[in-house]
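Data block below; observations after.
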Amino acid sequence: MGYNFKKIETKWQKKWEQKKIFEVKESKKKKYYVLDMFPYPSGEGLHIGHAFVFSLGDIYARFKRLQGYNVLYPIGYDSLGLPAENAAIEAGEHPLKYTEKSMKNFMKQQKAMGWSYDWSRLVMSHNPEFYKWDQWIFLKMLDKGIAYRNKAPVNWCKKCKTVLANEQVVEGKCWRHDDTDVEIKHLEQWFLKITNYAEDLLKGLDKIDWPDNAKKRQRNWIGKSHGTEIDFKVNNKKWKIFTTRPDTVYGVTFMVISAQHEKLKDLVTKEQKKDIEKFLKRIKSVSEKEMADLEKEGVFTGSYASNPINNEKIPIYAGNFVIADYGCGMVMAVPAHDQRDFDFAKKYKIEIKQVIDGKRIGQQAHIGSGKLVSSGKFNELNNEKAKEEISKFLVSKKLGRKVVQYRLKDWLISRQRYWGTPIPIIYCNECRIVPVPEKDLPVELPKEVKFGRGNPLLTNEKFVNVKCPKCGAKAKRETDTMDTFANSSWYMYRYSDPKNKKEIFDKKKVNYWAPVDKYIGGPEHITMHLIYTRFYTKFLKDIGLLKFDEPALEYFTQGIINAEDGSKMSKSKGNVVEPFDIIKKYGADSLRLYLVSSSAADSDFDWNENGMQSNFNFVRRVYDYFTKLKFGKTDTIIESKLNQTIKQVTMDVEEFKHNLAIIKIRKLFDYLAGKSIDKKTAESFLSMLHIYCPYVAEELWEKIGNKEFISVARWPAADNRKINEKLEKQEQAVEKLIEDIGHIKKLTGKKDAQVYVYVLPNELKIYREVKNIKIFVVNDKKKYDPENKSKKVKPGRPGIYLE
RNA sequence: GCAGGAGUAGCGAAGUGGCCAAACGUGCGAGACUCAAAAUCUCGUCUCUUAGUGAGUUCAGAGGUUCGAAUCCUCUCUCCUGCACCA
């Protein structure tokens with residue numbers, strides 16, 4: 001006897017697997033798609049964060065399944081990527097071998113956790129059958145002008161030895177190496193024109209149910225701003241300048257071009273060449289991060305621009321604070337009304353020309369609003385109004401236009417690394433850029449490569465040297481691979497039809513299952529994966545494959561689990577909690593229960609071994625109770641409490657408030673403990689428990705005489721008619737009485753005293769069952785009441801006398 | 001700088017106008033059971049007081065609205081997170 005979780009858990013794991021109860025097919029039933037972000041299978045195995053987030057998904061999938069939905073809950077591996085390549089190099093092992101080993105380990109641990117995946121739909125991005133469709137999508141994008149090749153300033157991480165997307169640069173550092181500054185290089189690379197979808201990406205946010213914070217971060221990332229593009233003349237050529245403040249155009253006293261701007265050299269005069277070169281050299285040695293804290297600096301280029309509104313001659317500076325690829329890479333500077341421009345002007349003693357009335361300009365620019373001055377025919381206009389009027393004027397003279405500017409940049413997807421999807425392109429001297437014909441897909445990653453210097457794919461000559469598909473001449477294959485975020489941008493659709501060899505997926509199938517109804521994953525993906533996948537979805541809809549344009553209707557971000565002392569778990573600190581160790585000690589059921597019981601699922605919490613232990617104790621108590629249970633009648637008060645619990649737990653689970661749901665389940669159990677119940681009550685209780693503790697629930701479900709699995713049984717429905725609040729109040733009154741008696745005993749020290757209780761006539765039936773008391777009705781003349789306690793009796797509050 | 005979130009008993013964490021001295025868990029204390037421990041069960045755990053009570057002071061701080069505030073409003077402080085020389 002006793003709770004042998006090891007035995008129970010392996011038993012049901014096997015049974016679920018044999019009977020394939022979590023495998024699903026399209027049907028007439030209403031579908032529900034629950035998805036956890038597929039993990040990158042690292043060699044370290046599951047970490048506690050995985051255990052938490054996947055448990056959240058599983059709990060919800062189990063809940064929806066019992067509610068009668070046709071639930072798709074698949075799993076896969078984001079198995080391409082740099083970490084595998086790096087780890088493999090370190091271990092002197094091929095990435096493929098390393099990855100396969102890691103996945104095997106992952107699978108074992110995932111199965112141990114009791115997650116109810118449909119394993120038949122397993123998807124792995126390193127499988128050529130999968131990445132073939134990455135390449136296929138790429139070709140479609142090329143066809144539609146969404147994929148393009150361009151030379152541009154790009155982010156380079158010297159540790160990753162590859163370029164990075166804009167989203168992968170965090171505070172000027174590489175997202176994988178927070179100690180490594182990102183360098184700017186000018187390279188020719190492949191881009192995806194995500195900016196074409198900027199507006200759709202923004203608008204789509206209004207129709208999906210995501211946390212406000214996630215939506216705001218995406219809006220912020222897309223960064224839409226309205227402004228005016230004004231044509232300045234530089235060396236007799238038109239230069240477009242973007243501004244959100246056309247009202248200050250009369251106050252422009254200098255221009256600043258980004259020091260990283262490609263065309264900077266065209267503007268530098270002979271006299272200024274030395275100065276500029278010195279300047280560039282100096283700011284190059286400064287990291288991006290430091291640059292942000294740096295003072296605004298610049299050097300005169302020797303060139304002048306002409307202001308189209310008044311033909312004033314304006315000096316052009318090269319500056320360290322202008323971003324090359326936002327707007328036009330050059331700004332019109334209005335020191336009187338912009339703090340940065342002001343600081344710059346002060347430093348280099350450039351004229352400051354006030355064009356908006358109001359505050360006098362002393363140590364600070366005047367950012368606020370006011371009437372225009374020194375602005376020709378626009379004087380006296382309020383500056384907000386002037387924005388409109390000046391724009392209109394410029395438009396009418398064909399000197400400018402109103403534009404919308406986005407902060408979002410096109411997605412740079414080329415990576416100079418091996419363990420990714422090969423970009424299906426061939427370069428021919430004659431035909432130039434030639435896409436690999438669809439029939440030749442997939443372009444497989446060759447196994448034979450040398451790791452070490454540069455891109456490993458360059459070391460396989462067979463791979464590199466090919467014939468041009470168009471003209472047959474000698475040609476070279478593209479050796480860059482795709483950013484792994486390309487794989488994760490559409491994997492959720494492949495689950496709908498994972499083994500399809502002819503198509504990316506069957507349209508009917510994908511449109512039955514997708515979009516994802518509940519997507520669960522960490523907040524770190526909001527400005528990367530979740531932007532990319534929304535973009536891919538919109539593209540796939542545009543080419544007619546999908547009927548919807550948002551990948552996930554609801555999205556839930558889980559919190560982070562910290563170490564016991566509140567610090568981040570990290571290997572170097574030695575405070576990492578390994579889920580597999582916990583399973584061995586307490587079992588998966590208790591771990592699952594603990595993970596969601598200590599706080600709301602979307603807030604961070606600290607690991608606490610006591611809490612873990614206490615949840616284990618609870619599971620064991622439940623086990624003991626049900627194994628010893630002999631069915632009897634469920635009394636009306638238990639019925640009432642049960643139905644109330646069902647009602648509340650259903651609502652809490654729906655909102656991912658598992659901590660609250662579990663409190664209610666525990667309360668109900670505390671009430672049940674020691675009492676006899678009927679089979680239906682037992683079943684309802686176990687069904688609720690099952691989403692958290694599936695193994696022990698299956699075991700007890702079987703013990704109480706069921707042949708089918710609880711994992712595919714039914715969620716109990718709350719019967720409001722059985723909720724009897726009056727009865728529960730009476731129950732509470734009885735408890736209060738017993739408590740009061742105990743209290744008095746303690747205060748007086750009369751431990752073994754005889755207890756006399758005096759009640760109102762109509763309340764006699766409520767208290768009659770209380771044990772070890774002598775009960776009298778207040779108007780009973782024969783009652784024993786030496787201290788006249790019956791005089792103080794009020795409704796709901798009996799009198800007590802101890803002797 | 002901009003944006004978002006948070007501050008409740010030793011700790012974690014519910015509670016968003018009256019049923020709140022504030023659920024629940026954990027920790028701590030007392031007791032029961034036990035040879036003993038674990039588990040389990042009972043009680044207590046802001047302060048004072050008390051035959052089951054009563055009173056006082058509380059929900060980051062300061063004001064305010066209200067018959068009534070942890071909850072609504074204003075300001076301030078602290079912490080976390082994201083974005084950031086974005087023109």
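What you see is a predicted model, and the numbers here were worked out from it, not measured in a lab. The sequence lines fix the lettering, A, B, ..., with proteins before strands; numbering per chain opens at 1.
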| note | In 5'-to-3' order, the base (B), backbone-only (S) or no-contact (-) status of each nucleotide in nucleotides 40-47 of chain B, using a 4.0 angstrom heavy-atom cut-off, is SS-S----

| query | Using a cut-off of 4.0 Å on non-hydrogen atoms, how would the nucleic acid contact of A:Tyr801 be classed: base, sugar-phosphate, or nothing? | reply | base

| request: Can you tell me, in whole Å, how much space there is between the P of B:G15 and that of B:C35? | output: 46 Å

| remark: Stems field, RNA chain B, Watson-Crick or wobble, 3.5 Å, at least 3 pairs, by first number, holds B:1-7 with B:77-83, B:10-12 with B:24-26, B:27-32 with B:40-45, B:46-48 with B:54-56, B:60-64 with B:72-76

| request: For A:Lys750, report the nucleic acid contact type (base, sugar-phosphate, nothing); a contact means any heavy atom under 4.0 Å. | output: base

| said: Less than 4.0 angstrom between a side-chain N/O of A:Arg219 and OP1 or OP2 of B:C83, yes or no? | reply: no

| remark: Here the distance between atom P of B:A84 and atom CD of A:Glu167, to the nearest Å, is 10 Å

| note | Tested for side chain to side chain donor-acceptor pair (under 3.5 Å) against A:Glu167, the lone hit among A:Trp221, A:Trp411, A:Trp175 is A:Trp221

| note | With the side chain defined as heavy atoms from C-beta on, A:Leu660 is closest, among B:C83, B:A51, B:A14, to B:A14

| So how far is it from A:Asn155 CG to A:Gln168 CD, rounded to the nearest 0.5 Å? | 9.0 Å

| remark: Which of B:C24, B:A87, B:A84 is nearest the side chain of A:Lys667? It is B:C24

| query | Checking side-chain contact (heavy atoms from CB on, under 4.5 Å) for the pair A:Val653/A:His658: CA distance, chi angles, key distance, verdict? | reply | CA-CA 6 Å; A:Val653 173; A:His658 302 301; 4.0 Å; yes

| message | Can you see whether A:Glu728 engages A:Asn724 through a side-chain donor-acceptor pair at a distance of less than 3.5 angstrom? | response | no

| Looking only at atom C1', what distance separates B:U8 and B:U58, rounded to whole Å? | 10 Å

| Between B:G52, B:C83, B:G4, which nucleotide gets closest to the side-chain atoms of A:Asp740? | B:G52

| When the P atoms of B:A6 and B:A32 are considered, how many whole Å apart are they? | 47 Å

| With a 4.0 Å cut-off on heavy atoms, is A:Ala600 in touch with a base, just the backbone sugar-phosphate, or nothing at all? | sugar-phosphate

| field | Nearest-nucleotide pick for A:Asn220, side chain only, options being B:G82, B:A23, B:G52 | value | B:G82

| query | Which part of the nucleic acid does A:Lys736 contact within heavy-atom distance under 4.0 Å: base, sugar-phosphate only, or nothing? | reply | sugar-phosphate

| remark: 5'-most contact on RNA chain B (nearest-nucleotide basis), A:Ser225 vs A:Asn615, goes to A:Asn615

| field | Whole-Å C1' distance, B:U71 and B:A23 | value | 16 Å

| message | Could you tell me how far B:U50 sits from B:C72 if I compare only their C1' atoms? Round to whole Å. | response | 37 Å

| query | Are A:Phe52 and A:Phe605 close enough that their ring centers fall under 6.0 Å? | reply | yes

| message | Between B:G17 and B:U65, how far apart are the two C1' atoms, rounded to whole Å? | response | 12 Å

| field | Sugar-phosphate, base or nothing in reach of A:Val256, heavy atoms under 4.0 Å | value | nothing

| message | What's the closest nucleotide to the side chain of A:Lys216 if the choices are B:U50, B:G4, B:A13? | response | B:G4

| field | Test item: side-chain donor near acceptor, A:Tyr326 and A:Gln405, under 3.5 Å | value | no

| query | Are A:Glu297 and A:Tyr317 close enough that a side-chain donor and a side-chain acceptor fall under 3.5 Å? | reply | no

| When rounded to the nearest Å, what value does the distance between P atoms of B:C67 and B:U16 take? | 23 Å

| message | Counting the atoms with a prime plus P, OP1 and OP2 as sugar-phosphate, which does A:Pro798 contact under 4.0 Å by heavy atoms, base, sugar-phosphate, or nothing? | response | base

| request: Would you classify A:Leu802 as touching base, sugar-phosphate or nothing, given that sugar-phosphate means primed atoms plus P, OP1 and OP2, and contacts are heavy atoms under 4.0 Å? | output: base

| request: Find the distance A:Leu737:CG to B:G52:P and express it as a whole number of Å. | output: 14 Å

| query | With respect to the side chain of A:Arg217, which nucleotide from B:G82, B:A87, B:A51 is positioned closest? | reply | B:G82

| Whole-angstrom distance between B:U47 and B:A37, as gauged at atom C1' | 36 Å

| field | Separation of B:A51 C1' from A:Lys791 NZ (nearest whole Å) | value | 18 Å

| query | When rounded to the nearest 0.5 angstrom, what is the spacing between SG in A:Cys328 and NZ in A:Lys263? | reply | 10.5 Å

| Given B:G27, is OP1 or OP2 found less than 4.0 Å from the side-chain N or O atoms of A:Asn610? | yes

| For atom CZ of A:Arg245 and atom C1' of B:A87, their distance in whole Å | 11 Å

| task | Report yes if at least one side-chain N or O of A:Arg407 is closer than 4.0 Å to OP1 or OP2 of B:A87; otherwise report no. | result | no

